[in-house]
Amino acid sequence: MTINPLDGLRNMLLLDRTNDLNEPNVLYPFALDEILCRQTGRGGPAICHLWRHPNAFVLGLRDSRLPQVADAWAWLEDQGRSTAVRNTGGAAVPLDLGVINISLILPKTAETERHFHNDFEQMYALIREALQATGALVEKGEIQGAFCPGDFDLSIDGRKFCGIAQRRQSHAYIVQAFVIAEGSGQARTQLTRGFYDRATVGGDPAQLDFPLVEASSTASLQELTTIGADASRVFTDAVKQVIRSLQTKEGMQMASSTLSLPSPDVVHAMAKTLSERYGIH
C-alpha cells in the first residue's frame with residue numbers, strides 16, 4: 001500500500017507570520033521554532049509555521065567554520081542584513097520578502113525514527129501539492145551550483161527554487177524549507193557567491209567545505225512558473241489551503257487546546273541562547 005506523505009500533516013495548526021515584519025532579528029523565527037518543537041514533544045500540537053524576513057542572511061554550521069567568515073559576516077551586516085547561524089543542516093541562504101520560509105513541527109513516532117527521510121518527503125509533498133495549479137513539474141535532487149545544496153533540493157526545469165533542512169529534538173522535529181517565490185534567483189546567487197568569496201580567502205579550496213555557487217542554478221517561482229508577480233502571497237495561500245484541507249473540526253479543537261504561544265520575551269531569550277551557542281565570536 002502506498003503511503004501518502006501528506007497523511008502525516010493532518011490536523012496541523014497554521015501559524016502564518018509572513019506579514020509580521022517588525023522583528024529585526026532573523027534568529028527570532030528559529031527560536032520560536034525551537035520552543036514550539038519542545039512543546040510539541042511534550043504533547044503539544046503539530047504546527048506549520050510560515051514566515052518571512054525583509055533582509056537577512058542565514059549561515060549553516062559549516063559556513064561558520066570558514067577561515068574569513070568574520071570578515072564576510074561584517075560585509076553582510078554593513079549592507080544592513082540581519083545575519084545568524086542556524087542550528088539545522090545546510091549552508092548559507094539569503095532571505096528577503098520574496099522568500100517564504102516553512103517550518104513543519106511534528107512529534108516523533110516510531111515510523112519517523114526508522115525513516116527520517118520521510119520528514120523531507122512530507123515537505124516535498126506539501127510544496128508540490130501547493131504548486132499543482134501552476135502545472136509545473138517539481139523535482140527533487142541536488143542541483144549543482146545552487147546555494148545550500150542537498151539531496152532534497154526542489155527544482156523546476158533544472159533550476160532550484162527551494163532547499164530543505166531538518167532539526168531533531170528528543171521527542172519532536174522540525175523540517176524547514178526556504179522557497180524563493182519572487183524576484184531574481186541570479187541576484188541571490190551572486191550575493192551568496194560574494195559571501196563565499198570573502199569567507200574563504202586564504203583557505204585551501206580542496207580542504208574547505210562550501211558550495212561553488214553558479215548564477216544559472218537558481219530561480220524564483222515567479223521566473224519558473226505562471227504563478228505571477230504576487231508569487232509570495234499566492235504561494236503562501238496555496239500552502240495554507242493544502243494544510244486546511246487536512247484539518248478536521250475535532251482535530252483542530254484538540255490541537256488548539258494544547259497550544260501555548262510563548263511571549264516575545266521568551267522567544268528573544270531563546271534567540272540569545274542560539275546566538276551564543278552557534279554564532280560567530
Side-chain angles (χ1 to χ4, degrees), residues 1-18 29-30 32-52 88-90 99-134 136 138-140 150-154 161-179 181 221 232-261:
M1 182 177 66
T2 302
I3 298 175
N4 183 353
L6 291 175
D7 287 343
L9 306 184
R10 293 192 180 280
N11 291 317
M12 299 191 86
L13 289 179
L14 272 168
L15 177 59
D16 181 1
R17 297 181 54 259
T18 54
F30 292 97
L32 179 57
D33 279 355
E34 189 78 2
I35 295 168
L36 292 175
C37 191
R38 293 180 183 181
Q39 186 181 129
T40 299
R42 295 192 297 264
I47 298 172
C48 175
H49 175 202
L50 301 159
W51 60 275
R52 295 187 295 173
T88 58
V99 179
I100 303 299
N101 299 278
I102 309 171
S103 297
L104 301 179
I105 304 172
L106 293 152
K108 284 184 178 178
T109 65
E111 181 67 18
T112 58
E113 284 296 88
R114 285 195 300 270
H115 306 289
F116 72 91
H117 275 116
N118 287 353
D119 310 345
F120 294 91
E121 292 286 354
Q122 288 177 318
M123 182 68 82
Y124 171 45
L126 172 62
I127 293 171
R128 185 181 57 202
E129 185 71 13
L131 292 172
Q132 188 175 42
T134 69
V138 178
E139 299 182 291
K140 64 181 177 181
D151 292 342
F152 276 81
D153 289 348
L154 302 190
F161 70 91
C162 171
I164 304 175
Q166 186 187 71
R167 162 78 172 155
R168 299 181 77 81
Q169 295 182 0
S170 298
H171 303 291
Y173 62 95
I174 312 165
V175 187
Q176 296 173 338
F178 68 87
V179 177
L221 292 176
S232 293
R233 181 192 60 79
V234 173
F235 174 73
T236 299
D237 287 348
V239 170
K240 290 160 66 174
Q241 183 177 353
V242 175
I243 295 296
R244 286 175 178 143
S245 73
L246 299 167
Q247 294 174 340
T248 64
K249 181 178 179 180
E250 296 77 12
M252 288 297 92
Q253 288 174 341
M254 181 175 293
S256 298
S257 70
T258 58
L259 174 67
S260 177
L261 286 175

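Looking only at side-chain heavy atoms (C-beta outward), Leu106 and Thr40 stay at 4.5 Å or farther from each other. Taking the side chain as every heavy atom from C-beta outward, Cys37 and Arg167 never approach each other to under 4.5 Å. Between Arg128 and Lys140 the shortest side-chain heavy-atom distance does not fall below 4.5 Å. Using a 4.5 Å heavy-atom threshold, the side chains of Lys240 and Asp237 count as touching. Here the side chains of Gln39 and Pro45 are in contact, with some heavy-atom distance below 4.5 Å. Ile102 places a side-chain heavy atom less than 4.5 Å from the side chain of Ile127.
Closest heavy-atom contact between Val99 and Phe178: CG1-CB, 4.0 Å. The shortest heavy-atom contact between Ile174 and Ser103 is CG2-CB, 4.0 Å. In terms of heavy-atom proximity, Ser245 sits nearest to Val242 at OG-O, 2.6 Å. A pairwise comparison of heavy atoms in Pro5 and Gln122 identifies O-CG, 3.4 Å as the closest pair.
Using a distance-only test at 3.5 Å, with no hydrogens or angles considered, a donor-acceptor pair links the side chain of Arg52 to the main chain of Thr18. At least one donor-acceptor pair closer than 3.5 Å links the side chain of Gln247 to the backbone N or O of Met12. Looking at Asn11, its side chain does come within 3.5 Å of a backbone N or O of Thr248 through a donor-acceptor pair. The closest donor-acceptor contact from the side chain of Gln169 to the backbone of Glu34 lies under 3.5 Å.
Residues satisfying the ring-ring contact (aromatic ring centres under 6.0 Å, His included) criterion with Phe30, sequence neighbours excluded, are Trp51.
Between atom CG of residue Leu15 and atom CD1 of residue Ile47 there is a gap of 6.5 Å, rounded to the nearest 0.5 Å. Of the inter-residue distances, the one linking Leu126 atom CG with Leu131 atom CG reads 9.5 Å to the nearest 0.5 angstrom. Put simply, CG on Leu246 and CD on Gln241 are 11.0 Å apart, with the number rounded to the nearest 0.5 Å. Annotation: the span from Tyr173 atom OH to Asp119 atom CG amounts to 4.0 Å, rounded to 0.5 Å. Atom CD in Gln166 sits 9.5 Å away from atom OG1 in Thr88 (nearest 0.5 Å). Atom CZ of Arg38 sits about 12.0 Å away from atom NE2 of His171, to the nearest 0.5 Å.
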Could you walk me through whether Val175 and Tyr124 pass the side chain to side chain contact (heavy atoms under 4.5 Å, CB included) check? CA-CA 10 Å; Val175 187; Tyr124 171 45; over 6 Å; no

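A donor-acceptor contact under 3.5 angstrom links the side chains of Arg17 and His49, judged on distance only.
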Side-chain polar contacts of residues 253-261 - donor-acceptor pairs under 3.5 angstrom, sequence neighbours left out - could you list them?
residue: Ser256; atom: OG; partner: Met252; partner atom: O; Å: 2.9
residue: Ser257; atom: OG; partner: Met254; partner atom: O; Å: 2.6
residue: Thr258; atom: OG1; partner: Ala255; partner atom: O; Å: 3.0

